[in-house]
Amino acid sequence: MALPVAAAPPVRRGPLPWLLLRLGGVVFVLWAVATVTFFAIRLIPGDPAEAVLGGPGSQASAAALAQVRADYGLDLPLPLQYLHYLGRLAAGDLGRSYSLREPVGAVIGQNLGGTLLLALLSLLTAAVIALALAAWSTRGGRWASAVTWVLEVVSAALPHFWLAISLILLFSTTLGWLPPVSVPGPAGLVLPVLTLAIPLAGFLGQVMRESLLDALGSPFVLAARARGESEAGVFWRHALRHAAIPAIGLAGWAFGALISGAVVVETIFARPGIGRSLLSAVQLRDVPLVIGVVLVVALGYMLVTTLTDLADRLIDPRPAPTTAHRGRS
């Protein structure tokens, strides 16, 4: 009878294959987003040449429209327009905005900072609210758990436009504490940030509450209590770390939700940003600007998901799954 062969050492996947897989995924997503957006914007009724000449109300002559179509390649068959645009994107050229007559990269650069600031502050505010709700529900007894559950469900279901209008009526019209539109300074950020943060806090609160309940009943928490750890130490040093893992995993989804909500929030509060620029570009059939904004958002989403995966690997104390080969007897 053959002797059993010793198990091979566990094999772990190195960082290079993971990075190459991520890079391939980014390229595929950007191509798919550009393709879908290019053809979807063409389905909107209207002539893109009119956007170049100032919109449908410009009353441009037929000769001017024909000249614009020739200058921008709009007189070519749609497949050729698509291939030419992909070639420019591959070269890093996002084109020129039809309606603004400026390079798309410059337009995005002027508006990206405001949207990123709004999204970051909203994400931090939502995380703080979700953590407070989760901590209260797990440490405040059955009554606190029931109240926080209702608050989480209701806040997660609130539409951004309804919440924005309600906050304006309460804090601007009735109380007069905050401006109804976005103005320079911290006061102009409060209502837009709350509008984006409250629904997101409802989703994050539900996830963190379930994770905290699971962590508080796990063996490592029981071991910490057996070592004499206080309840505050158990919560902040052990259970909270476990609960943060699924919340961090939702950061990519949260980023996409915040950017999509920024379209509504920036429009209602008259705040400059890529969300408001995207809405205006869609209405004007400004194809280069629409695709440029969507590509930047998609790239940001992929970047955030990659960073959250890295953070998840650093925070999660559990070892990565490994495989070992067994010998035959």
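The figures here come from the full heavy-atom set of this structure, side chains too, leaving out hydrogens, waters and symmetry mates. Because the structure is predicted, anything quoted here is derived from the model rather than measured.
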- Spacing of Leu120 atom CG and Thr115 atom OG1 [to the nearest 0.5 Å]: 12.5 Å
- Query: How close do Asp75 and Ala70 get, heavy atom to heavy atom, and via which atoms?
  - Reply: OD2-CA, 3.7 Å
- Hey, does the side chain of Thr174 reach the backbone of Leu169 with a donor-acceptor pair shorter than 3.5 angstrom? yes
- In chain order, what residues pass the side-chain contact (heavy atoms from CB on, under 4.5 Å) check against Leu112, with sequence neighbours excluded? Ile108, Leu116, Ile274, Val296
- Item | Contact summary for Phe161 and Ile268, nearest pair of heavy atoms | CA-CD1, 3.7 Å
- Message: Tell me every residue that passes salt bridge (charged side-chain N to carboxylate O under 4.0 Å, His left out) with Arg88, counting only those two or more places apart in sequence or in another chain.
- Response: none
- Message: Counting only heavy atoms not in Trp149 (residues, nucleotides, ligands), do more than 12 fall under 6.0 Å from its CH2?
- Response: no
- Sequence neighbours left out, what pairs pass ring pair (Phe, Tyr, Trp, His ring centres under 6.0 Å) with at least one residue falling in residues 276-296? none
- Give the minimum heavy-atom separation between Leu289 and Ser97, together with the two atoms involved. CD2-OG, 4.1 Å
- Task: Report the residues that fulfil ring-ring contact (aromatic ring centres under 6.0 Å, His included) with Tyr82, sequence neighbours left out, ordered by chain and then residue number.
- Result: Phe38, Phe39
- Please answer whether the main-chain N or O of Val282 pairs with a side-chain N or O of Asp286 as donor and acceptor at a distance below 3.5 Å. no
- Query: Would you say Ser280's side chain and Ser277's backbone share a donor-acceptor pair under 3.5 angstrom?
  - Reply: no
- For Phe203 against Ala156, the heavy-atom pair lying closest together: CE1-O, 3.5 Å
- Using a 4.5 Å cut-off on heavy atoms from C-beta on, say whether the side chain of Val263 contacts that of Arg276. no
- Note on the structure: Taken to the nearest 0.5 Å, the spacing of Thr37 OG1 from Leu295 CG works out to 7.0 Å
- Distance-only, no hydrogens or angles: does the Thr148 side chain make a donor-acceptor pair with backbone N or O of Ser145 under 3.5 Å? yes
- Task: Could you state whether Val128 and Leu121 fall into the same hydrophobic cluster, counting links through intermediate Ile, Leu, Val, Met, Phe, Trp or Tyr residues with side-chain heavy atoms under 4.5 angstrom apart?
- Result: no
- Item | Tyr98-Leu76 co-clustered via ILVMFWY side chain contacts under 4.5 Å | no
- Message: Looking at Arg96 and Arg101, would you say the former's side chain and the latter's main chain have a donor-acceptor pair under 3.5 Å?
- Response: yes
- Query: Closest approach of Leu89 and Ala34, non-hydrogen atoms and distance?
  - Reply: CD1-CB, 3.9 Å
- Message: Looking at Glu266 and Gly275, would you say the former's side chain and the latter's main chain have a donor-acceptor pair under 3.5 Å?
- Response: yes
- Heavy atoms of Met208 and Ala130 approach each other most closely as SD-CB, 4.1 Å
- Are Trp143 and Leu133 co-members of a hydrophobic cluster defined by side-chain heavy atoms under 4.5 Å apart? yes
- Query: About how many Å separate CD1 of Ile291 and CG of Leu30, when rounded to the nearest 0.5 Å?
  - Reply: 12.5 Å
- Linking I/L/V/M/F/W/Y whenever any side-chain heavy atoms sit under 4.5 Å apart, do Val36 and Val293 land together? no
- If Ile, Leu, Val, Met, Phe, Trp and Tyr residues are connected whenever their side-chain heavy atoms lie under 4.5 Å apart, and connections chain through other members, are Leu158 and Ile129 in the same group? no
- Note on the structure: Rounded to the nearest 0.5 angstrom, the CG-CG distance for Leu123 and Leu118 is 11.0 Å
For residues 176-200, run the donor-acceptor check on the side chains, cut-off 3.5 Å, and write out each pair with its distance to 0.1 Å, sequence neighbours left out.
from: Ser182; atom 1: OG; to: Gly188; atom 2: O; distance (Å): 3.4
from: Ser182; atom 1: OG; to: Arg271; atom 2: NH1; distance (Å): 3.0
from: Thr195; atom 1: OG1; to: Leu191; atom 2: O; distance (Å): 2.7

- Message: According to salt bridge (charged side-chain N to carboxylate O under 4.0 Å, His left out), who are the partners of Glu152, at least two apart in sequence or on a separate chain?
- Response: Arg209
- Message: Can you tell me how far apart CG (Leu78) and OH (Tyr85) are? Round to the nearest 0.5 Å.
- Response: 13.5 Å
- How many angstroms lie between atom CG of Leu170 and atom CD1 of Ile168, to the nearest 0.5 angstrom? 11.0 Å
